[in-house]
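Inspection log for the structure reproduced underneath, given as structure tokens.
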Amino acid sequence: MPPRKIIIDTDPGQDDAVAILLALASPEDMDVLGITAVAGNVRLELTQKNARIVCELAGKTDVPVFAGCDRPMGRQLVTAEHVHGKTGLDGPSLPDPTMRLQDQHAVDFIIETLRREDAGTVTLCVLGPLTNIATAFEKAPDVIERVQQIVLMGGAYFEVGNITPTAEFNVYVDPEAAEITFKSGVDIVVMPLDVTHKALVTRPRNDAFRDLGTPSGIAVAQMTDFFERFDKEKYGSSGAPLHDPCVTAYLIAPELFSGRHINVEIETQSDLTRGMTVADWWGVTDRPANATFIGDLDADGFFALLVERIGRL
Ligand code: RIB
Ligand code: CA
């Protein structure tokens, strides 16, 4: 089986960084055509810088990095420095990147790549707000049917919300972009908080990253040491939830995950429940299924994969 061609759309973010490292460490599974940065956890000038920092940490400076949208489609940007720190990658002390940022806008790269590659052969791995993806779909509707699959981290049902009582951050930041994406007809796999809150970096798991003794392994441990504060204080959880690595791990080992093909709609009208993913998990409506909504994972298998692969870098 040849490696899947993917574009990683991201707002690094410590968990984004781990997802990117996993992808870059897995060339037999993924051919990373490019990394497109979007505003989310922190401002775009930081997310595009952080994406390049992670590529250099992995020693993969040949992967092109593009800057995309610096704000949601129709709303003010909301960021999450309270979770990720002012740089977005607080924890390790990593050098500023020397690899250059591509001149082309990320949205145009996504469109151009989908038009160039054979239809149905490019997967979009989305780790942040869906602004770049939805903007590409609006600008060039012809590319929608050319997408092989979208695997995204976002939303919640049983876990409800992490930035508001009813919304997960990525969908909350740009609910209109999420609505466009979920109504696009593309084959979508969703990694909601329901599963990512079961992917907790407990102390022994984080020690396994640190014990790799490699720059990437140590950096992941230091990122997690920082990133876990928010969830430990808020939820009393036993470690940081590795949200975004669920996306790239799914492309390597889908058997680690389980879920249901259901209808998911996005709340865009209400201020109270903006960005809520209304997931028909129990099939109580006749709304057509439009997404595979993941609810569970083999956490030990997930972390074993992460440590093995990141240990390669
Ligand atoms: O709600 C978690 C998501 O929001 C993750 O992708 C995290 O990186 C932030 O973007
Ligand atoms: Ca993210």
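Counting starts at 1 for both ligands and their atoms, in listed order.
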Counting heavy atoms only, which of Thr10, Val38, Asp15, Val18 is nearest atom 5 (C) of ligand 1? Asp15
Look only at the side chain of Asp225 and the backbone of Gly91, and say whether a donor-acceptor pair between them is shorter than 3.5 Å. no
Considering only heavy atoms of Glu168, which atoms of ligand 1 have at least one such atom less than 4.0 Å away? 1 (O), 2 (C), 3 (C), 4 (O)
Quick one: do the Thr98 and Glu56 side chains pair a donor with an acceptor below 3.5 Å? yes
Decide, counting backbone as well as side-chain atoms, whether Asp244 has an N, O or S atom less than 3.0 Å from the Ca ion (ligand 2). yes
Answer yes when Arg203 and Glu228 have at least one side-chain N-carboxylate O distance shorter than 4.0 Å, and no when they do not. yes
Answer yes if the side chains of Thr123 and Gln149 hold a donor-acceptor pair under 3.5 Å, and no otherwise. no
With no hydrogens and no angle check, do the side chains of Thr87 and Asp90 hold a donor and an acceptor under 3.5 Å apart? yes
Just checking Tyr235 against His197, ring centres under 6.0 Å apart? yes
Please find out if the Ca ion (ligand 2) and some N, O or S atom of Gly128 are separated by less than 3.0 Å. no
Enumerate the atoms of ligand 1 whose separation from the nearest heavy atom of Asn41 is less than 4.0 angstrom. 7 (C), 8 (O), 9 (C), 10 (O)
Hey, which atoms in ligand 1 end up nearer than 4.0 Å to a heavy atom of His243? 2 (C)
Which atoms of ligand 1 sit under 4.0 Å from any heavy atom of Asp11? 10 (O)
From the options Asp16, Asn170, Thr79, Thr196, select the one whose nearest heavy atom is closest to atom 10 (O) of ligand 1. Asn170
Please report which non-hydrogen protein atom sits nearest to atom 6 (O) of ligand 1, along with the residue it belongs to and the distance in Å to one decimal place. Asp244 OD1, 2.6 Å
Tell me if a side-chain donor or acceptor on Asn206 pairs with a main-chain N or O of Ala221 at a distance below 3.5 Å. yes
